[in-house]
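This one's a predicted model, so the numbers in the text were calculated from it and none came from an experiment.
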Amino acid sequence: MQDLKVFQIDTKVFLLRDIRWENLQEKLCSFMDEVMGKVPELLEMHKGKGYKPYTFSCLYPVEKEGIYKSGQVYSFSIRTIDVGLKHFFQESFVNEYNADFKCLTNCVKVIPEHLIEKLYSITAVIVKAEGGGYWRDHVGIQEYQRYLTENLIKKYNYFMGGRLKEDFDFIREIKFLNKGPIASNYKEIKLLGDKFDLYVAENETSQKLAYLALGVGMGNNNTRGSGYVNCKWYRR
């Protein structure tokens, strides 16, 4: 089984036109797809059905009025557990542009492994209920928590080439930060998700999953900008 390491590529971009916040995730996704699509191997990976080893945040600083402004410089972060992708983002993104963004600079760091107290969502976490629709219309909170855990286990087994046993508790507590679903536009539909604080169990397996979540996201549509999470470590 390979070692797990989460790389973060902090990227500055110059906006070439105004973007409303509900369209921002889709615009960033299109930009990344365009750049990655220039490399045949990455285009093939993108079109594949397996899990993808990266995720990304939205722009910051957050615009309180909901419009990200043309002519301004913003930042966003890409995370990956794949060394080759880390090199690609680091070396090939600078000076790339499309109708919305021009990439200016970036820098890379490794997210250290410490005991994680909680994961908190930066972009809304999307959970696809069976038959479609928003999860709250179909399942309860226990089923939702089970899905989040099983989704991360599947990602871990897929990326790490192992087989985690499922006889452990991952989530100690989950606190939702939104009263109603958070909507974002994607391909002429609205994706509905949630933001939360998720308190992680201290056992070794749960900590592995939590660290992986930092690199590949939680829930679904992570390469579309959904489910990007940060963490709070226990004080040492």
Side-chain angles (χ1 to χ4, degrees), residues 4-11 24-33 36 42 45-60 75-86 88-89 108-113 116 118-129 134-135 144-160 164 170-171 174 176-178 181-187 191-200 205-232:
L4 176 61
K5 187 176 291 187
V6 176
F7 302 97
Q8 178 169 310
I9 303 93
D10 294 317
T11 305
L24 180 58
Q25 194 168 307
E26 183 177 20
K27 294 290 188 180
L28 273 173
C29 180
S30 295
F31 177 55
M32 293 187 64
D33 287 352
M36 295 175 70
L42 297 183
M45 179 195 73
H46 178 68
K47 290 182 177 180
K49 294 183 178 181
Y51 295 113
K52 311 301 190 297
Y54 72 96
T55 187
F56 61 92
S57 72
C58 276
L59 297 185
Y60 54 88
S75 299
F76 77 105
S77 296
I78 307 166
R79 293 218 187 109
T80 181
I81 60 171
D82 184 278
V83 175
L85 266 182
K86 184 265 291 188
F88 170 79
F89 290 132
V108 177
K109 64 182 180 183
V110 176
I111 304 296
E113 282 192 79
I116 294 173
K118 73 174 181 179
L119 299 169
Y120 57 95
S121 45
I122 302 300
T123 61
V125 177
I126 307 295
V127 166
K128 295 179 179 178
Y134 183 48
W135 70 271
Y144 178 81
Q145 291 184 144
R146 183 186 65 80
Y147 180 87
L148 290 178
T149 302
E150 289 182 353
N151 178 262
L152 276 176
I153 290 173
K154 289 176 181 177
K155 289 173 180 173
Y156 189 93
N157 291 337
Y158 181 84
F159 291 124
M160 305 306 295
L164 285 182
F170 172 59
I171 300 173
I174 189 167
F176 290 96
L177 306 178
N178 52 291
I182 299 170
S184 59
N185 295 332
Y186 180 68
K187 289 186 176 180
L191 299 176
L192 302 180
D194 300 271
K195 290 189 175 183
F196 52 63
D197 288 339
L198 187 153
Y199 292 83
V200 181
T205 304
S206 293
Q207 290 294 314
K208 287 180 180 179
L209 291 185
Y211 186 64
L212 176 71
L214 296 174
V216 301
M218 295 194 70
N220 305 117
N221 293 81
N222 303 130
T223 57
R224 310 295 89 188
S226 299
Y228 183 96
V229 296
N230 278 342
C231 73
K232 178 183 177 183

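- Taking 4.0 Å as the cut-off between side-chain N and carboxylate O, Lys52 and Asp82 do not count as a salt-bridged pair.
- Between the side chains of Tyr147 and Asn220, at least one donor N or O sits under 3.5 Å from an acceptor N or O.
- Residues Glu113 and Gln207 have side chains not in contact (no heavy-atom distance under 4.5 Å, counting atoms from C-beta outward).
- In terms of heavy atoms, Gly217 sits closest to Lys155 at O-NZ, 3.1 Å.
- Side-chain N or O atoms of Asn178 include none that pairs as donor or acceptor with a backbone N or O of Asp194 at under 3.5 Å.
- Atom CG of residue Leu148 and atom CG of residue Leu209 lie 11.5 Å apart, to the nearest 0.5 angstrom.
- No side-chain heavy atom of Met32 sits under 4.5 Å from any side-chain heavy atom of Thr223.
- Taking both residues in full, the closest heavy atoms of Lys208 and Leu4 are given as O-CD2, 4.2 Å, listed atom of the first, atom of the second, then distance.
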Run the side chain to side chain contact (heavy atoms under 4.5 Å, CB included) check on Phe170 and Leu198 step by step: do they pass? CA-CA 10 Å; Phe170 172 59; Leu198 187 153; 4.1 Å; yes
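- Each of Asp33, Thr55, Thr123 was compared with Arg224 under the side chain to side chain donor-acceptor pair (under 3.5 Å) criterion, and only Asp33 meets it.
- Within the 3.5 Å criterion, the main-chain N or O of Val229 finds a donor-acceptor partner in the side chain of Arg79.
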Apply the test side chain to side chain contact (heavy atoms under 4.5 Å, CB included) to residues Leu192 and Trp135: give CA-CA distance (whole Å), side-chain angles for both, the deciding distance (0.1 Å), then the verdict. CA-CA 9 Å; Leu192 302 180; Trp135 70 271; over 6 Å; no
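- Put simply, the side chain of Lys195 gets close to the backbone of Ile122: a donor and an acceptor are under 3.5 Å apart.
- The shortest heavy-atom contact between Ile116 and Tyr211 is CD1-N, 3.9 Å.
- Atom CZ of Phe89 sits about 12.5 Å away from atom CZ of Phe7, to the nearest 0.5 Å.
- One distance of note links SG of Cys29 with CG of Asn221; it measures 9.0 Å at 0.5 Å rounding.
- What you find for Ser77 and Asp10 is that their closest heavy atoms are OG-OD1, 2.6 Å.
- Ring to ring, Tyr144 and Phe176 are close: their centroids are under 6.0 angstrom apart.
- Atom CG of Leu152 is separated from atom CG of Leu212 by 6.0 Å, given to the nearest 0.5 angstrom.
- Without hydrogens or angle criteria, Asp197 side chain to Leu177 main chain gives no donor-acceptor distance under 3.5 Å.
- Atom CD1 of Ile171 and atom CZ of Phe196 lie 7.5 Å apart (nearest 0.5 Å).
- For the atom pair CG (Leu214) and SG (Cys231), the distance works out to 4.5 Å, reported to the nearest 0.5 Å.
- Side-chain contact check for Lys5 versus Val83: every heavy-atom pair is 4.5 Å or farther apart.
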Determine whether Thr149 and Ile153 satisfy the following criterion, side chain to side chain contact (heavy atoms under 4.5 Å, CB included), listing intermediate values before the conclusion. CA-CA 6 Å; Thr149 302; Ile153 290 173; 4.0 Å; yes
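- Between Phe159 and Tyr51, the ring planes lie tilted relative to each other; the angle falls in the 30° to 60° range.
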Take Asn222 and Val216, measure what side chain to side chain contact (heavy atoms under 4.5 Å, CB included) needs, and give me the verdict at the end. CA-CA 7 Å; Asn222 303 130; Val216 301; 5.6 Å; no
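- Contact detail for Met218 and Val125: the closest heavy-atom pair is O-CG1, 3.7 Å.
- Counting all heavy atoms, side chain and backbone alike, Pro53 lies closest to Thr80 at O-OG1, 2.7 Å.
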